[in-house]
Amino acid sequence: MTITSPHLGSPSVWTDARLLYALEEVVEKELNRHLKVAKDWMPHEYVPWGDGRNFPGFFEDGVAWEKEQSKVTEIGRTALVVNLLTEDNLPSYHHEIAALFGRDGAWGTWVHRWTAEEARHGIVMRDYLLASRAVDPDKLEQFRMAHMNEGFESDNRHSMLRTVAYVAFQELATRISHRNAGHQSGDPVCDRMLARIATDENLHMVFYRNLLNAAFEIAPDLTMQAVRDVVVDFRMPGHGIPGFERAAVQMAVGEVYNLRIHHDDVLQPVLRFLKVMEMDGLGPDGRRAQEELGMYMGGLDAEAAKFDEKLATRKARMAARA
């Protein structure tokens with residue numbers, strides 16, 4: 001689709017309001033496509049309720065939580081907590097995108113639909129964790145309160161275009177993190193649940209990726225700069241979770257999410273689909289952003305290679321000990 005907006009003049013006059021208006025038709029098209037392919041699902045159907053037992057407190061027969069009660073692996077437990085706490089901040093995420101995208105027309109319909117779909121993820125993950133006794137419920141609640149009390153402010157809240165670029169990558173990153181957490185969890189029930197969540201996240205990624213593609217058509221220089229800024233400064237929305245840095249290291253070593261995965265499975269697929277590095281017809285600012293993006297990706301690949309070597313060495317050492 002080629003979108004032309006001659007009445008808006010040169011790229012220098014683009015504002016968030018004008019971009020929102022120019023992209024409204026694309027949002028409506030993508031929303032209709034999403035509603036046709038998305039499938040409603042019931043969170044309660046993915047939870048092993050039969051494994052549940054009362055916890056201490058109001059119930060006399062309550063059984064205290066112990067790690068051995070769950071078949072979930074240590075890395076699976078860490079990833080599940082991080083991913084759930086990230087989902088917990090949905091009210092803040094909704095506030096952010098509602099303020100940027102608005103609550104009217106196709107934009108508003110998408111904002112509310114996205115929020116409703118994301119809410120399922122937190123519901124099913126928490127129910128699974130409690131029913132299967134995969135985590136300490138007291139600590140999980142303490143972490144939730146601490147994380148949500150901090151709220152969330154996006155690094156890109158000042159720019160609608162940067163927000164669109166960010167979520168195009170972030171939704172894919174979340175999908176990959178959920179999927180890998182399922183693979184590493186050691187529990188087929190958990191794997192199936194996270195696969196269902198990952199399917200939603202992929203559809204969300206496609207929506208934003210296609211919207212970003214349309215933005216490249218109407219404002220290529222500004223969009224290229226937005227993509228560069230987002231890629232260079234990217235961090236997951238759960239970075240404010242208590243103990244996030246330590247958990248991120250564990251998830252990196254456990255191959256749930258690390259530099260190699262970020263480069264190969266998140267950034268590169270979106271950049272390739274949009275043909276960002278092959279794009280021509282850019283102005284000076286767009287070309288500069290494109291060049292800087294290319295240099296950054298090259299440096300990130302080199303850093304990922306170093307991480308790969310360290311991880312391989314660690315695996316060999318552990319295998320020798322075993």
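- Although no hydrogens or angles enter the test, the distance criterion places no donor-acceptor pair under 3.5 Å between the side chain of Asn213 and the main chain of Leu274.
- The existence of a salt bridge linking Arg77 and Asp136 is excluded, since no basic side-chain nitrogen approaches an acidic carboxylate oxygen closer than 4.0 Å.
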As a quick check of understanding, evaluate salt bridge (Lys or Arg N to Asp or Glu O under 4.0 Å) for Arg288 and Glu292, giving each step before the final call.
CA-CA 6 Å; Arg288 186 181 307 111; Glu292 291 171 353; 5.1 Å; no
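- Leu293 contributes atom CG, which lies 7.0 Å from atom CE of Met224 (distance to the nearest 0.5 angstrom).
- Checked by atom type and distance alone, the side chain of Gln290 pairs as donor or acceptor with a backbone atom of Met279 at under 3.5 Å.
- Arg209 forms a cation-pi arrangement with Phe273, by the criterion of a distance under 6.0 Å to the ring centre and an angle within 45° of the ring axis.
- Across all non-hydrogen atoms, the minimal contact from Leu212 to Ala168 is CD2-CB, 4.1 Å.
- When all heavy atoms of Leu172 and Pro269 are compared, the closest pair comes out as CD2-CB, 4.3 Å.
- For the residue pair Trp107/Tyr21, the side-chain donor-acceptor check at 3.5 Å is not satisfied.
- A salt bridge is absent between Lys306 and Glu309: the closest approach of a Lys/Arg side-chain nitrogen to an acidic carboxylate oxygen does not fall below 4.0 angstrom.
- At least one donor-acceptor pair closer than 3.5 Å links the side chain of Gln69 to the backbone N or O of Ala64.
- Between Glu28 and Glu25, the closest side-chain pair of non-hydrogen atoms is not below 4.5 Å.
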Candidate pair Glu45 and Val124, rule side chain to side chain contact (heavy atoms under 4.5 Å, CB included), full reasoning
CA-CA 9 Å; Glu45 294 180 356; Val124 71; over 6 Å; no
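- Not a single donor-acceptor pair under 3.5 Å links the side chain of Asn156 to the backbone N or O of Thr163.
- The shortest non-hydrogen separation linking Ile218 to Ala22 is CD1-CB, 3.8 Å.
- The neighbour count for Arg103 CZ, taken as heavy atoms of other residues, nucleotides or ligands under 6.0 Å away, does not exceed 12.
- Heavy-atom minimum distance, Ile176 versus Asp265: CG1-O, 4.1 Å.
- Checking Glu117 against His34 by side-chain atom types alone, a donor-acceptor pair falls below 3.5 Å.
- Heavy atoms of other residues, nucleotides or ligands lying less than 6.0 angstrom from CE of Met145 number 12 at most.
- For an aromatic pair to be called close, the ring centres must be under 6.0 Å apart, and Trp49 with Tyr128 fails this.
- Using a cut-off of 4.0 Å between Lys/Arg side-chain N and Asp/Glu carboxylate O, Glu153 and Arg157 are scored as salt-bridged.
- Within the 3.5 Å criterion, the main-chain N or O of Gln184 finds a donor-acceptor partner in the side chain of Thr73.
- For the 3.5 Å distance criterion, the side chains of Ser132 and Asp187 fail to qualify, holding no donor opposite an acceptor.
- Of the charged side-chain nitrogens involved, none lies within less than 4.0 Å of a carboxylate oxygen, so that Arg179 and Glu201 do not count as a salt-bridged pair.
- Checked against the 6.0 Å centroid criterion, the rings of Trp114 and His94 do not qualify as a close aromatic pair.
- No donor-acceptor pair under 3.5 Å is formed between the side chain of Arg162 and the backbone N or O of Val227.
- Using a 4.0 Å cut-off between a side-chain N of Lys or Arg and a carboxylate O of Asp or Glu, Arg260 and Asp301 qualify as a salt bridge.
- His183 has its side chain within reach of Asp191: a pair of non-hydrogen atoms, C-beta onward, lies under 4.5 Å apart.
- Within a 6.0 Å sphere centred on CE of Met42, other residues, nucleotides and ligands contribute more than 12 heavy atoms.
- Checked by atom type, the side-chain pair Asn89/His147 shows a donor-acceptor distance below 3.5 Å.
- Note: Trp65 and Phe55 fail the aromatic proximity criterion, with ring centroids not under 6.0 Å apart.
- Ionic pairing of Asp51 and Arg133 is not present here: no N-O contact between side-chain nitrogen and carboxylate oxygen is shorter than 4.0 angstrom.
- Remark: Arg175 does not engage Asp200 in a salt bridge, criterion side-chain N to carboxylate O under 4.0 Å.
- For Pro48 against Val189, the heavy-atom pair with the smallest separation is CD-CG1, 4.0 Å.
- The aromatic rings of His121 and Trp41 sit parallel, their planes meeting at an angle under 30°, below the 60° perpendicular limit.
- In this pair, Tyr93 and Phe152 present their aromatic rings perpendicular. The plane angle is above 60°, beyond the 30 to 60° band.
- Phe234 has its ring centre less than 6.0 Å from the ring centre of Tyr166.
- No donor-acceptor pair under 3.5 Å is formed between the side chain of Glu171 and the backbone N or O of Val167.
- Shown here is Asn54, whose CG atom has more than 12 heavy atoms of other residues, nucleotides or ligands within 6.0 Å.
- Nearest heavy atoms, Leu23 versus Ala215: CD2-N, 4.0 Å.
- A salt bridge is defined here as a Lys NZ or Arg NE, NH1 or NH2 lying under 4.0 Å from an Asp or Glu carboxylate O, and Glu118 with Arg113 fails to meet this definition.
- Ionic pairing of Arg144 and Glu141 is present here: one or more N-O contacts between side-chain nitrogen and carboxylate oxygen are shorter than 4.0 angstrom.
- Of the N and O atoms on the side chains of His204 and Gln170, not one donor lies less than 3.5 Å from an acceptor on the other residue.
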